[in-house]
Amino acid sequence: MKTILITGALGQIGTALTTRLREKYGVENVIATDIQHPETSSVVKNGIFEYLDVTDQLSMEQMVEKYEVDTMIHLAALLSATAEAKPQLAWELNMGGLMNALEVSRIHELKFFTPSSIGAFGPQTPKDQTPQLTLQRPTTMYGVTKVSGELLCDYYHMKFGVDTRSVRFPGLISYEALPGGGTTDYAVDIYYEALKNQAYTSFIDKGTYMDMMYMPDAVDAIIALMEAPSEKLIHRNAFNVSAMSVCPEDFEQAIQAHMPAFKLSYDVDPIRQTIAESWPNAIDTTKAREEWQFDTQYSLDRMTADMLEKLKTKLLK
Ligand code: SER
């Protein structure tokens, strides 16, 4: 990776990843792009930033040529709950954008990363220790685009030799940009509300387990996978990764260790609850560990301490 183009750079992953890539590869070698351009964002202020609509392949190609890009990190996509509300748009953006990004990567011989998700699994998938290779029959539009995306990325690798790589991210928790429109968003909201109101009403029901991971670990995972020698990768699109399998009560206890007055209540959203129940409880990350030494630093308790500290500073500003 020398010159990296990021799409969806103002999203939850993009905001954290852009900062880290600028530190690691040099500000002049990271081209952040998005369809929004808020002047207040650090992504826009602290480096190269360009407007790019991923459904416009010509503009994407011109951007790659202008900056002599050699790596594409394609993040622009709708998350699960938004995709369920707007399924046609989700297909158009998630698949149309991916196809354009893959085509540009094929033509210009770029190294390629795009995230898949635990959303690529469905109700018939084994719920615990979900294997790398297993039944994938998702029942959400988001999941349909993620499975199709995994297959398309594998196809571009097999047919055209494009160096495509991906992980199935679990719910990602971060203090910078908000996720927005996801089923696992409760795990981010809970920290904001804990600090603002010492209370949170969860839209996901008690006892609902899903995989999660702290953003610094997610960013490390992308870099580790992209830096791994190509010949070591057997699975490519896409590796199971996770740091913890947790339910709302686990967050409640972890937050109460810092704020004993914190109270958790429930007002379950049937749409997001159904999505959550169609996903695994805990996925098996063995292949990522074997093939590119995937690892994580943050447990629930360590993440909670860091989230509360970082968010406190942010909310006081
Ligand atoms: N965090 C995502 C969502 O909830 C899962 O990939 O939609």
Side-chain angles (χ1 to χ4, degrees), residues 8 11-17 73-87 89-91 93-95 97-98 113-123 125 127 130 136 138-150 153 166-192 202-205 208-219 221-222 237-248 251 268-283 285 288 296 298 303 307:
Q12 190 198 11
I13 301 175
T15 302
L17 182 67
I73 299 195
H74 176 58
L75 303 175
L78 293 189
L79 287 185
S80 58
T82 316
E84 227 27 46
K86 299 175 183 169
L89 175 67
W91 179 268
L93 179 70
N94 292 13
M95 295 314 296
L98 177 61
F113 176 87
T114 195
S116 185
S117 160
I118 50 169
F121 297 120
T125 303
K127 286 231 171 282
T130 306
Q136 288 179 270
T139 46
T140 62
M141 179 48 103
Y142 180 68
V144 170
T145 67
K146 287 299 176 189
V147 178
S148 309
E150 290 185 8
C153 288
S166 178
V167 296
R168 293 178 185 134
F169 272 135
L172 297 179
I173 294 155
S174 64
Y175 54 85
E176 292 159 304
L178 286 165
T183 301
T184 56
D185 294 12
Y186 90 87
V188 178
D189 299 345
I190 198 167
Y191 289 104
Y192 279 81
S202 174
F203 59 78
I204 293 296
D205 207 357
T208 309
Y209 282 87
M210 284 184 277
D211 281 290
M212 304 272 174
M213 190 163 159
Y214 198 30
M215 190 59 84
D217 282 334
V219 166
I222 295 175
N237 304 289
F239 287 94
N240 285 1
V241 293
S242 173
M244 59 195 94
S245 163
V246 276
C247 65
F251 287 98
V268 175
D269 168 15
I271 294 179
R272 284 179 286 188
Q273 183 62 28
T274 305
I275 297 176
E277 283 172 14
S278 78
W279 292 352
N281 298 331
I283 61 176
T285 60
T296 56
Y298 287 89
M303 173 179 78
M307 266 301 272

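Heavy-atom basis, side chains included; hydrogens, waters and symmetry copies ignored. Just so you know, ligand 1 is whichever comes first in the structure, and atom 1 is the first atom listed for that ligand.
- Only the side chain of Trp279 comes within contact range of ligand 1, with a heavy atom under 4.0 Å; no backbone atom does.
- In terms of protein heavy atoms, atom 1 (N) of ligand 1 is closest to Thr184 OG1, 2.8 Å.
- Considering only non-hydrogen protein atoms, atom 6 (O) of ligand 1 sits nearest to Ser117 OG, 2.6 Å.
- Shown here is Ile271, whose CD1 atom has no more than 12 heavy atoms of other residues, nucleotides or ligands within 6.0 Å.
- Protein heavy atom nearest atom 4 (O) of ligand 1, with residue, atom name and distance: Thr183 N, 2.6 Å.
- Contacts of Thr184 classified as side chain to side chain contact (heavy atoms under 4.5 Å, CB included), with partners at least two apart in sequence or in another chain: Met210, Met212, Trp279.
- A side-chain hydrogen bond (donor to acceptor under 3.5 Å, both in side chains) with Ser116 is found for one member of Lys146, Arg168, Glu150 and no other, namely Glu150.
- A donor-acceptor pair shorter than 3.5 Å can be found between the side chains of Gln12 and Ser174.
- Which parts of ligand 1 touch Ser80 is read off a 4.0 Å heavy-atom cut-off, strictly below it: atoms 3 (C), 4 (O), 7 (O).
- The contact set between ligand 1 and Gly182, taken as ligand atoms under 4.0 Å from a residue heavy atom, comprises 3 (C), 4 (O), 7 (O).
- Between the side chains of Ser80 and Thr183, at least one donor N or O lies within less than 3.5 Å of an accepting N or O.
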